[in-house]
Amino acid sequence: MAGKATPSDLTIVPRDRRFGRDAKTEHWWLGGDPVGTALYNALSATFPKGEAFFVESVRAFRDGADAKLAGEIKAFTTQEVMHSREHVQFNKRAHEAGYDLSPLERKVEERLALVRSKPPIASLAATMALEHFTAILAHELLDDPRHLAPADAETAAMWRWHAVEEIEHKGVAYDTWLHATKHWPRRKRWSVKAKVMMLVTRNFIVDRTTGTLELLRQDGITGPKAWARVFWFAWVRPGMLRKIFGAWASFFMPGFHPWKHDDRALIAAEEKRQSEAYA
Ligand SMILES: [Fe+2]
Ligand SMILES: [Fe+2]
């Protein structure tokens, strides 16, 4: 299949792990930083509903998939279900620490209701674009340990575990999209995917920024200072959004596939780090 590049020796292995069940998470768990904490919490607020949507969107197109892709869809489903489970727990701890995530969750539901009102291929396209987005965030998170260095060990381990599996299953929604649109002309496939990526990127940035500002407001941090601090954190230092820009732009290149960039070394490095930590 044109553009298909998922490594033939890739195996997607769901790692059934649980985090933070016995301890409470600090209010500002990211090294006492309200801005970083608010941003990651805002991201976590989207996962339980968001990942359930990804699963449903991909599974709607599994008919006719070859055995390899069918197996990958199954493993992807298991991984995402476990991510949702852990983020439900994490969000509960954020709630116990004093944050009300419900306005952020309502926004996610609103966005999902809108895309669900369209034909199922729109949901698959949105999932395919968002999975690329998640995979490049995950790549950056593992590639530069400074992002999570200030976090408590358990919370950092949870985000790293999630990042590993996001990299591992990054081709699944994309391959399902290639399968579902195999009869489409190339131009149409490219223009739909480019439009959808622009839209989900805009919504992602607007919604996560708004959500982060809402959580900061709950901490009593408001006004231009709050805006400036969020902007600085996201775009300058540590500057996650700036750092993923190149990988984001690669999505628009002809012949793009998430596995054109094989970053499994990050998974191996993380697993080695964990086995040493728990040895
Ligand atoms: Fe996930
Ligand atoms: Fe994912």
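As a basis for the values below, the full set of heavy atoms in this structure was taken, side chains included, without hydrogen atoms, waters or symmetry mates. Whatever order the structure lists them in is the order used to number ligands and atoms, beginning at 1.
- The minimum distance between the Fe ion (ligand 2) and any N, O or S atom of Glu131 involves atom OE2.
- Aromatic pair Trp161/His83: ring centres closer than 6.0 Å.
- Ion pairing of Glu165 with Arg15 is present here, as a side-chain N (NZ or NE/NH1/NH2) and a carboxylate O approach within less than 4.0 Å.
- A donor-acceptor contact shorter than 3.5 Å is absent between the side chain of Glu86 and the backbone of Met158.
- For a distance threshold of 2.8 Å, the protein N, O or S atoms nearer than that to the Fe ion (ligand 1), listed by chain and number, are Glu51 OE2, Glu80 OE1, His83 ND1, His162 NE2, Glu166 OE2.
- Residues Arg85 and Pro48 have side chains not in contact (no heavy-atom distance under 4.5 Å, counting atoms from C-beta outward).
- When ring centroids are compared, Trp29 and Phe90 come within the 6.0 Å threshold.
- Residues passing the ring pair (Phe, Tyr, Trp, His ring centres under 6.0 Å) test with His261, sequence neighbours excluded: His139.
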